[in-house]
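Scroll down for the structure; my scribbles are underneath it.
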Protein chains: 2
Amino acid sequence: MNNDQNSIPSPSIRRFPSYLQVIKKLEEENRETVSATDIAEALSLNPVQVRKDIGYTGITGTPKIGYEIQELINVLMQALGWQNARHALLVGTGALGSALLGYRGFDEYGLHIIAAFDVNPELIGSTIHGKPVFGLEELPNWVKRSRVKIGVLTVPAEAAQSACDAMVDAGILGIWNFSPVKLNVPDHVVVQKEDLSSGLALLSVRLSKRLADGEIE
Amino acid sequence: MNNDQNSIPSPSIRRFPSYLQVIKKLEEENRETVSATDIAEALSLNPVQVRKDIGYTGITGTPKIGYEIQELINVLMQALGWQNARHALLVGTGALGSALLGYRGFDEYGLHIIAAFDVNPELIGSTIHGKPVFGLEELPNWVKRSRVKIGVLTVPAEAAQSACDAMVDAGILGIWNFSPVKLNVPDHVVVQKEDLSSGLALLSVRLSKRLADGEIE
DNA sequence: TTATGTGAACTAATTCACAGCG
DNA sequence: CGCTGTGAATTAGTTCACATAA
């Protein structure tokens, strides 16, 4: 088993949430163990890959049986830094922003978006999916009080860098960037860029190829 | 230059939309050429990688100058199968679904979601961000009439497979799946799964590592 | 026999190094 | 020189093949 916490490959980390999802469902059904094969089957992956991924966490399973579900959940959460629920804020309450505010999927994985910020005076003071919307100027104080470290950025391209700067100034350390802009941040800030169109690109290409290769139109 | 249309690596395809985005902005500023270096800089990528990616499309640039912007836009769109705008439908008008209906980013890349379907009687007959919402039972006729091939799936996990089946039966050939479920589809249907939590996972891990490595808390 | 765990082989992707051109 | 274009080297990720344990 590999125990080097610092070097889990990114593709493995990206798969962890889906593993969690599968085994949490089994947990609800009161199953006590899972095999890598079970997980692989549920997700159409190669079982060896699943085993290797799980190996990175340092957990060890028992042959013929698999892994103890509770333990596996714990080490995966641990590996993801999700042991304790994390709080986040969101800047930009447009279509995508309000969707993310209402997306319960994140809570399941320990991310709780607890407040939103925007410049639109019509929204300030209201709530979206139960979360309060503040004016951007309140960001610094709010971050100081709440000690939140993660910010979700869902503003239009033009506003992205300045909203990012505001977050950084306020003390945010991790930015999940949904805007199509490369953000300039100081070294101590981590940015994760999310690009919806890249998935759409792959779908388009694969579909075009199928059509070209003579599927019924 | 590589001209084999059928074998552009997936990572390259995933980067194409961001290239398009950069050069379309330059086009608006009436620039006529871009170098791979320009694009790489705008996106914090390695210039060689950009050049290789562009090479896959078959286009050829001129040393010292770069690529002709119009031509580059054309070949990228071509490579992505986005020459002619594509129409799509969406099933599931929850938080995420309505966000995608209102997300103008897709139009830019040739995906026009022109109708939505749901089972909620309160929504049927209404419009969301200007797009009409129909009952799921209307799907077959609507697809037949509109000849739409792409479906965006944004229903909760429990409903995913049955909504997927409905799409497939109606004649949808490409499914962009935002639900956390592995879909069972016949061979001729292409499924692209989108998993928001995988990006969040990476952000968490990178942030935790930073904090552990002694950033100011 | 059915699982884990892992070194080894393989495949894919990125990056390097450099030739060639304007 | 600053750029393209590309073979070669490198690195990263996946898959195979097999040893081992219950």
Side-chain angles (χ1 to χ4, degrees), chain A residues 1-4 6-16 18-19 22-23 26 31-69 71-72 75-76 79 195 198 201-202 205-206, chain B residues 1-4 6-16 18-19 22-23 26 31-69 71-72 75-76 79 195 198 201-202 205-206:
Chain A
M1 91 195 101
N2 182 330
N3 223 349
D4 184 351
N6 277 332
S7 65
I8 303 181
S10 302
S12 305
I13 292 171
R14 297 196 101 110
R15 284 186 290 267
F16 282 176
S18 61
Y19 296 174
V22 169
I23 60 182
L26 293 175
R31 281 265 305 261
E32 307 221 315
T33 58
V34 232
S35 70
T37 323
D38 292 339
I39 298 175
E41 216 151 85
L43 299 166
S44 317
L45 297 174
N46 180 329
V48 182
Q49 182 169 66
V50 176
R51 240 181 289 139
K52 269 217 159 119
D53 285 348
I54 291 176
Y56 291 125
T57 65
I59 197 181
T60 163
T62 49
K64 176 109 182 182
I65 290 170
Y67 305 88
E68 209 267 300
I69 285 189
E71 197 188 354
L72 188 50
V75 294
L76 286 174
D195 182 1
S198 83
L202 257 187
V205 170
R206 296 205 285 142
Chain B
M1 87 194 107
N2 183 331
N3 223 347
D4 184 350
N6 277 332
S7 64
I8 303 180
S10 303
S12 305
I13 292 171
R14 297 196 100 111
R15 283 187 290 267
F16 282 176
S18 60
Y19 296 174
V22 169
I23 60 182
L26 293 174
R31 282 265 304 262
E32 307 221 314
T33 58
V34 232
S35 70
T37 322
D38 293 339
I39 299 175
E41 216 151 85
L43 299 166
S44 316
L45 297 174
N46 180 329
V48 183
Q49 182 170 65
V50 175
R51 240 181 289 139
K52 269 218 159 120
D53 285 348
I54 292 177
Y56 290 125
T57 65
I59 197 182
T60 164
T62 49
K64 175 112 180 178
I65 291 171
Y67 305 88
E68 208 267 299
I69 286 190
E71 197 187 354
L72 187 51
V75 294
L76 286 174
D195 183 2
S198 82
L202 258 186
V205 170
R206 296 205 287 142

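Below, chain A is the first sequence line, B the second, and so on; all start at residue 1.
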Polar side-chain contact A:Lys52-D:dT15 base: donor and acceptor under 3.5 Å: yes
Closest to side chain of B:Asn46, choosing from C:dC16, D:dT4, C:dA3: C:dC16
Contact check, side chains of A:Thr62 and A:Thr33, non-hydrogen atoms, under 4.5 Å: no
Atom-pair distance (CD1 on B:Ile59; P on D:dC3), nearest Å: 17 Å
Short side-chain N/O contact to C:dT2 OP1/OP2 from A:Ser35, under 4.0 Å: no
Steps toward side-chain contact (heavy atoms from CB on, under 4.5 Å) verdict (A:Ile69, A:Leu26): CA-CA 8 Å; A:Ile69 285 189; A:Leu26 293 175; 3.8 Å; yes
Separation between CG of A:Asp195 and CZ of B:Arg15, rounded to the nearest 0.5 Å: 11.5 Å
B:Gln49 CD - D:dA12 P separation (whole Å): 14 Å
Under-4.0 Å side-chain N/O to phosphate OP1/OP2 contact, A:Tyr67 with C:dG5: yes
Closest listed nucleotide, where the reference is the side chain of B:Val48 and the choices are C:dT14, C:dA17, D:dT14: C:dA17
Phosphate OP1/OP2 of D:dT4 contacted by B:Thr60 side-chain N/O (<4.0 Å): no
Euclidean distance, atom CD of residue A:Glu41 to atom P of C:dT2 [Å, nearest integer]: 13 Å
B:Glu71 CD - D:dT4 C1' separation (whole Å): 14 Å
Length of the line joining A:Lys64:NZ and D:dA22:P, which is rounded to integer Å: 13 Å
Touch class at under 4.0 angstrom, heavy-atom based, for A:Arg14 against every strand present: nothing
Distance (rounded to the nearest 0.5 Å) between B:Ile39 CD1 and B:Leu45 CG: 9.5 Å
Value in whole Å for how far the P atom of D:dT4 lies from CD1 of B:Ile54: 8 Å
Test item: A:Pro47 and A:Val50 side chains (from C-beta on) under 4.5 Å apart, heavy atoms: no
Under-4.0 Å side-chain N/O to phosphate OP1/OP2 contact, A:Arg51 with C:dG5: no
Separation of atom CG in B:Leu202 from atom P in D:dG13, rounded to whole Å: 11 Å
Distance, rounded to the nearest Å, where A:Glu68 contributes CD and D:dA22 contributes C1': 17 Å
5′-ward residue of the pair A:Pro9/B:Asp38 relative to DNA chain D: B:Asp38
